[in-house]
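Working notes for the structure below.
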2 protein chains.
Amino acid sequence: MQRDTAQRRAIRGVFSQEDRPLTPQELLERAQDTVPQIGLATVYRTLKSMTEAETVMIVDVPGEPQRYELAGKDHHHHFSCRACGRMFEMDGCPGDLERLVPKGFVMEDHEVFIYGRCVDCQQ
Amino acid sequence: MQRDTAQRRAIRGVFSQEDRPLTPQELLERAQDTVPQIGLATVYRTLKSMTEAETVMIVDVPGEPQRYELAGKDHHHHFSCRACGRMFEMDGCPGDLERLVPKGFVMEDHEVFIYGRCVDCQQ
DNA sequence: CCCATAATGATAAACCAATCTCAATAAGTA
DNA sequence: TACTTATTGAGATTGGTTTATCATTATGGG
């Protein structure tokens with residue numbers, strides 16, 4: 001059966017503290033604040049089981065390694081800060097995407113990424 | 001000086017025939033129709049010099065290798081077909097993205113990806 | 001408290017995209 | 001045509017992410 005370890009608690013803790021999509025590396029570093037000896041393999045293993053349990057979702061980002069975010073959120077998109085490299089969530093959705101779709105094509109899904117500077121990285 | 005080779009002509013030909021963002025692998029396969037012995041290294045070398053010359057642009061796609069498209073096009077976004085894996089261009093742009101940006105964040109750029117089925121892959 | 005075994009850490013290995021190496025080829029000027 | 005040298009192809013190599021290995025640790029039911 002699934003055991004409750006300090007490592008997994010730390011990873012779950014990071015996800016609820018930072019409410020944004022995280023890379024395995026970011027998760028490792030934050031989790032090490034709580035459990036210093038935690039290794040990258042444990043992070044990947046935990047992410048895999050959380051993904052299978054649908055506790056977290058994979059976020060594919062252009063030109064970056066996969067990120068992971070807690071599942072069950074409302075539909076949203078992402079903001080990537082070019083200064084600090086962090087990715088944030090943005091509620092809502094631009095309407096009227098159907099208008100962009102070429103004739104004869106069928107839209108099933110969409111993603112929007114906005115790039116710029118986050119509130120902590122102004123000027 | 002820059003020499004005009006059959007390989008480079010083939011690659012330029014593929015770009016103008018297929019008017020969409022192509023992966024190095026796609027370029028290799030299409031170019032081999034014209035120059036069967038062309039190798040992947042040549043494709044990458046040619047893409048690098050075309051990128052430096054700003055003849056082509058890199059398109060970063062979520063969860064996929066980089067693609068390349070001819071430079072100088074109007075602002076547009078991309079449609080990815082889940083059936084055939086090809087990526088297409090879509091003219092235009094959803095307005096009103098500023099509305100999504102969290103307070104204090106500054107938008108510099110944006111990308112939109114639509115997923116679904118292209119006209120050749122219906123039902 | 002015991003103990004079966006799930007989980008971990010360190011590191012090696014697998015993967016894949018992209019680049020490098022180098023001998024062979026071929027473009028293009030004289 | 002001859003020659004300089006840019007370009008090529010094949011395969012090795014790199015760099016980064018992700019997975020596998022395996023001896024060790026530690027959870028949690030009995």
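The chains referred to below are lettered A, B, ... by the order of the sequence lines, with proteins before strands, and numbering in each begins at 1.
Apart from B/L40 itself, the hydrophobic cluster it occupies contains B/I11, B/V14, B/F15, B/L22, B/L27, B/L28, B/V35, B/I38, B/V43, B/Y44, B/L47, B/M50, B/V56, B/I58, B/Y68, B/L70, where clustering links Ile, Leu, Val, Met, Phe, Trp and Tyr at side-chain heavy-atom distances under 4.5 Å. Cluster note: A/V106 groups with no other residue, as no ILVMFWY side-chain heavy atom lies under 4.5 Å from it.
Here the closest heavy-atom approach between residue A/R3 and residue A/R8 is recorded as O-NH1, 2.9 Å. For the residue pair B/E89 and B/R20, the shortest heavy atom distance occurs at OE2-CA, 4.1 Å. When all heavy atoms of B/Q122 and A/G104 are compared, the closest pair comes out as NE2-O, 3.0 Å.
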A correct 5'-to-3' footprint of nucleotides 17-23 of chain C, with B, S and - meaning base, sugar-phosphate only and no protein heavy atom under 4.0 Å, is SBBBB--
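By the side chain to side chain contact (heavy atoms under 4.5 Å, CB included) test, B/D74 is found to be paired with no residue, residues two or more places apart in sequence or in another chain being considered. With sequence neighbours left out, B/A83 forms a side chain to side chain contact (heavy atoms under 4.5 Å, CB included) with B/C81, B/R117, B/C121. A/H110 pairs by the ring-ring contact (aromatic ring centres under 6.0 Å, His included) definition with A/H75, A/H77, not counting sequence neighbours. For B/F105, the ring-ring contact (aromatic ring centres under 6.0 Å, His included) partners at least two apart in sequence or on another chain are A/F79, A/F88.
Using a 4.0 Å cut-off between charged nitrogen and carboxylate oxygen, A/R86 and A/E18 do not count as a salt-bridge pair. Salt bridge annotation for B/E108-A/R82: present, with a cationic side-chain nitrogen under 4.0 angstrom from a carboxylate oxygen. A salt bridge links B/K73 to B/D19: at least one charged side-chain nitrogen sits closer than 4.0 Å to a carboxylate oxygen.
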For residues 92-102 of chain B, tabulate all N or O donor-acceptor pairs below 3.5 Å that involve a side-chain atom, not counting sequence neighbours.
| from | atom 1 | to | atom 2 | distance (Å) |
| --- | --- | --- | --- | --- |
| B/D96 | OD2 | B/R99 | NE | 2.9 |
| B/R99 | NH2 | A/C93 | O | 2.9 |

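Judged by distance alone, the side chain of A/E29 and the main-chain N or O of A/E26 form no donor-acceptor pair under 3.5 Å.
Residues of residues 50-62 of chain A having a heavy atom closer than 4.0 Å to DNA chain C: none are found. Less than 4.0 Å separates DNA chain D from at least one heavy atom of each of the following residues of residues 1-22 of chain A: A/R3, A/D4.
Close approach of DNA chain D to chain A, defined as any atom under 4.0 Å from a non-hydrogen atom of the protein, starts and stops at D/dT17 to D/dG28.
With 3.5 Å as the limit, one finds a donor-acceptor pair spanning the side chains of A/H78 and A/E69.
At its two ends the helix from C/dC1-D/dG30 to C/dA30-D/dT1 runs along axes set 40° apart, each axis drawn from five pairs and the angle rounded to 10°.
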